[in-house]
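Residue numbers run from 1 in the order of the sequence given.
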Amino acid sequence: ERQRYPEETVNIVKSAFTGGVVGWVYGGLPAFRQARRAFIEGSQAELFQNRADAVQSAHRAGLRSFIRYGWRWSWRVAAFVAIFNTVSTGLSAYRNKTTIGNFASAGAFTGALFRMHLGLHGLAGGFVFGTAFGIPAGGLLMLMQKLTGETLQEKRNRERKEQYEQKLAEWQSRLTVTEVLGQMESNTLGGPQTEMGKE
């Protein structure tokens, strides 16, 4: 209706992208260091044309590991963050209020979903871990919203009220235009009739 995506959807996409970048760095940097070190230790007897060639080879080995292991962490963290935010945002929109319980439920659902393949013990562990993760994450998000001065619910309600008032004003202006046109039409119709009556 407003020709743009809802703010909640944009926030979910942004947080998933940020989670992906953080996951890539978290998984990629240790892999880069370890692969570089392993390359240096494993290539002691190897001949290189010069020192720059040896350093470039070590960096290439590290970069391959950074990309490979960074990607493995990146998509998992991005998926976790996207599912967590989708569930918590959905609960907040459905209940029309943001509470810690929404974030705890979202964390429990996401944790259980990610550990479901490990059986019942994994499901229970993921449920507990997700709940333990969701409560502080939700508290932090709620604190950041309060520091901005307006929560998403308050902003949504304010925008709805402004949109309602704008539509009401448009409707009233159309109604007055219709009334004015009706008066003008009755005046123009009444004019020729009176002239004909005079004749």
Side-chain angles (χ1 to χ4, degrees), residues 1-25 71 74-114 116 126-127 130-199:
E1 190 173 289
R2 298 179 190 167
Q3 304 299 322
R4 61 186 168 112
Y5 292 108
E7 187 176 357
E8 291 86 356
T9 306
V10 174
N11 288 342
I12 290 170
V13 172
K14 284 180 182 177
S15 63
F17 178 77
T18 304
V21 169
V22 168
W24 202 305
V25 170
W71 169 248
S74 176
W75 76 264
R76 288 180 174 112
V77 172
F80 188 91
V81 169
I83 293 169
F84 175 82
N85 280 337
T86 301
V87 172
S88 66
T89 302
L91 287 172
S92 295
Y94 179 74
R95 298 177 66 201
N96 201 25
K97 62 181 177 178
T98 303
T99 63
I100 292 288
N102 295 348
F103 295 105
S105 299
F109 175 79
T110 308
L113 186 67
F114 268 72
M116 184 172 52
F127 186 86
T131 303
F133 167 77
I135 292 172
L140 181 65
L141 288 170
M142 289 175 66
L143 180 68
M144 288 186 345
Q145 285 181 1
K146 288 200 190 246
L147 290 176
T148 60
E150 186 178 44
T151 65
L152 285 176
Q153 250 61 36
E154 292 169 348
K155 184 176 181 180
R156 188 181 308 122
N157 290 338
R158 179 181 52 80
E159 287 176 350
R160 280 182 189 156
K161 184 177 180 184
E162 289 172 357
Q163 187 179 12
Y164 171 76
E165 290 172 353
Q166 180 184 3
K167 285 186 177 184
L168 183 64
E170 289 174 6
W171 183 75
Q172 288 176 342
S173 68
R174 287 180 185 157
L175 187 62
T176 54
V177 167
T178 306
E179 289 175 355
V180 168
L181 288 175
Q183 289 175 354
M184 289 175 57
E185 185 178 319
S186 66
N187 289 343
T188 55
L189 289 177
Q193 289 176 352
T194 55
E195 289 175 10
M196 288 175 64
K198 288 178 183 177
E199 289 176 2

Can you tell me how far the CZ atom of F127 sits from the OG1 atom of T131, to the nearest 0.5 Å?
4.5 Å
Taken to the nearest 0.5 Å, the spacing of I12 CD1 from F84 CZ works out to 11.0 Å
What are the two closest non-hydrogen atoms of A16 and A78, and how far apart are they?
O-CB, 3.4 Å
dist W24:CH2 -> R76:CZ (nearest 0.5 Å) comes out at 13.0 Å
Distance from S92 atom OG to N102 atom CG, nearest 0.5 Å?
4.0 Å
What one should report as the nearest heavy-atom pair of P136 and A132 is CD-O, 2.8 Å
For E170, does its backbone N or O pair with a side-chain atom of S173 as donor and acceptor, under 3.5 Å?
yes
Heavy-atom pair with the smallest gap, counting every atom of G19 and V77
O-CG1, 3.1 Å
According to ring pair (Phe, Tyr, Trp, His ring centres under 6.0 Å), who are the partners of F114, at least two apart in sequence or on a separate chain?
F80
Just jot down the salt bridge (charged side-chain N to carboxylate O under 4.0 Å, His left out) partners of E165, sequence neighbours excluded, or say none.
none
List the steps and the verdict of side chain to side chain contact (heavy atoms under 4.5 Å, CB included) for V13 and F17.
CA-CA 6 Å; V13 172; F17 178 77; 5.6 Å; no
CZ/F103 to CG/L91 distance, rounded to the nearest 0.5 angstrom?
9.5 Å
Listing, residues 140-149 side-chain donor-acceptor contacts under 3.5 Å, not counting sequence neighbours, or none:
residue	atom	partner	partner atom	Å
T148	OG1	Q145	O	2.5
T148	OG1	E150	O	3.3

For S15 and N85, test the side chains for any donor-to-acceptor distance below 3.5 angstrom and give the result as yes or no.
yes
Would you give the length of the straight line joining atom CG of N11 to atom OG1 of T18, rounded to the nearest 0.5 angstrom?
10.0 Å
Shortest non-hydrogen separation from G138 to I100 and the atoms involved:
C-CD1, 4.0 Å
